[in-house]
Amino acid sequence: MSDLKSYLKEQIALVDAALDDYLPEAALAPSLVHEAMRYSVFAGGKRLRPILTLAAAEACGGRLEAAMPGACAVEVMHTYSLVHDDLPCMDDDDLRRGRPTSHKVYGEGMAVLIGDALLTEAFAMIASISENDTFTVKDYLKQFAKTGGSCELIGGQVLDLEGEGKTLSHQELIKIHEAKTAALLVCSLRLGGMSAAASDDQLQALTDFGYHLGLAFQVIDDILDVTQSTEVLGKTAGKDEATDKATYPSILGLEESKQEAARLTQQALEALKPLGKKAHRLEQIAHYLLKREM
Ligand code: GRG
């Protein structure tokens, strides 16, 4: 595990340096928006999605440099979704990544614009990915737009809003999290694979891995909301229960949710088998996420 911890630390440093290069400098006019974009991006997230992109490229025999623009783009799309998700008209949260949320610091109007600007910059990062013999920039853009669009991230948020105040079934909850959480993990992995000119079989393995890992990640996120403190999470703990939100623990109970997370992680690990030994980092990450405490 100490080997994984130092690997994760190194990857985070590389991703942060690349994000620093890609994002407009804070002093660039109009500086308020650029400073605010950086406030949310550099607030200390786990960088799970870009790390998955880099590890997926490695699992398919690719190079880190080729995968980095996609890695940065998924982190920036993720940050946009958090900034908008925290708005008073959405989940209405005051704390994110251990800091006051964007709208608390810069105001609601600015937070909407920061999210919009981040999403737009993320597409520019995708457009800068080098083409290879198998994938063109158009392929990367199509993948990225599908993930951010009305059937995946936005669609998941719509289902989430529609579900407010209702009793949802396990199947309905899965539908929300396939779109809200798993889709971006799948996209992160596929972009890494594509940067390594992955075969159809390799991309399918990454997709199956990301789907199960994404659902496991969400189950664990729901468990941590009940079992951890605000200080440890860096976001408001107990929020789901307080807002009467349907979650895995509220539908399945805490113990069954833990077993569900373990089952989904096992399915994710099974999906990696066709990728062989090169998928060793992805395997370690899946084990690590199951045991995470924040
Ligand atoms: C456009 C409003 C709008 C929403 C898009 C995807 C989405 C819909 C909203 C995302 C908000 C959200 C809480 C999604 C669930 C996935 C999840 C558990 C996110 C937290 O991810 P972590 O724990 O966060 O990786 P860090 O801060 O570590 O990056």
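One is the number of the first residue; the rest follow in order along the sequence. Counting convention: from 1, in listed order, for ligands and their atoms alike.
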Identity and separation of the nearest protein heavy atom to atom 16 (C) of ligand 1: Thr181 OG1, 3.4 Å
Nearest-neighbour protein heavy atom for atom 5 (C) of ligand 1, which is reported as residue plus atom name and distance: Ser81 CB, 3.8 Å
Close side-chain approach of Lys235 and Asp91, heavy atoms under 4.5 Å: no
Modelled atom types, side-chain donor and acceptor of Tyr106 and Glu35, under 3.5 Å: yes
For Tyr80, the ligand 1 atoms whose distance to one of its heavy atoms is below 4.0 Å: 1 (C)
Contact check, side chains of Val15 and Thr53, non-hydrogen atoms, under 4.5 Å: no
Nearest option to atom 24 (O) of ligand 1, as decided by whichever heavy atom of Arg97, Glu75, His78 sits closest: His78
Contact check, side chains of Leu282 and Leu206, non-hydrogen atoms, under 4.5 Å: yes
Carboxylate-amine/guanidinium proximity below 4.0 Å for Asp20 and Arg38: yes
Arg263 and Gln266 side chains, donor-acceptor separation under 3.5 Å: no
Distance-only polar pair, side chains of Asp93 and Thr101, donor-acceptor under 3.5 Å: no
Under 4.0 Å to a heavy atom of Gln218 - the qualifying atoms of ligand 1, by number: 15 (C), 16 (C), 18 (C)
From His177, Arg49, Lys180 - option closest to atom 17 (C) of ligand 1 by heavy atom: Arg49
Asp221 neighbourhood, listing ligand 1 atoms whose heavy-atom distance to it stays under 4.0 Å: 18 (C)
Worked verdict on Arg292 versus Asp221 for salt bridge (Lys or Arg N to Asp or Glu O under 4.0 Å): CA-CA 9 Å; Arg292 75 188 170 105; Asp221 200 73; 3.7 Å; yes
For atom 13 (C) of ligand 1, the protein heavy atom that lies nearest, with its residue and separation: Asp85 OD2, 3.6 Å
From the candidates Glu152, Lys46, Met77, the one that places a heavy atom nearest atom 22 (P) of ligand 1: Lys46
Ligand-side contact atoms (ligand 1) for residue partner Ile154, heavy atom cut-off under 4.0 Å: 1 (C)
Region of Leu153 engaging ligand 1 - heavy atom pairs below 4.0 Å: both
Shortest protein heavy-atom distance from atom 2 (C) of ligand 1, along with the residue and atom involved: His84 CB, 3.4 Å
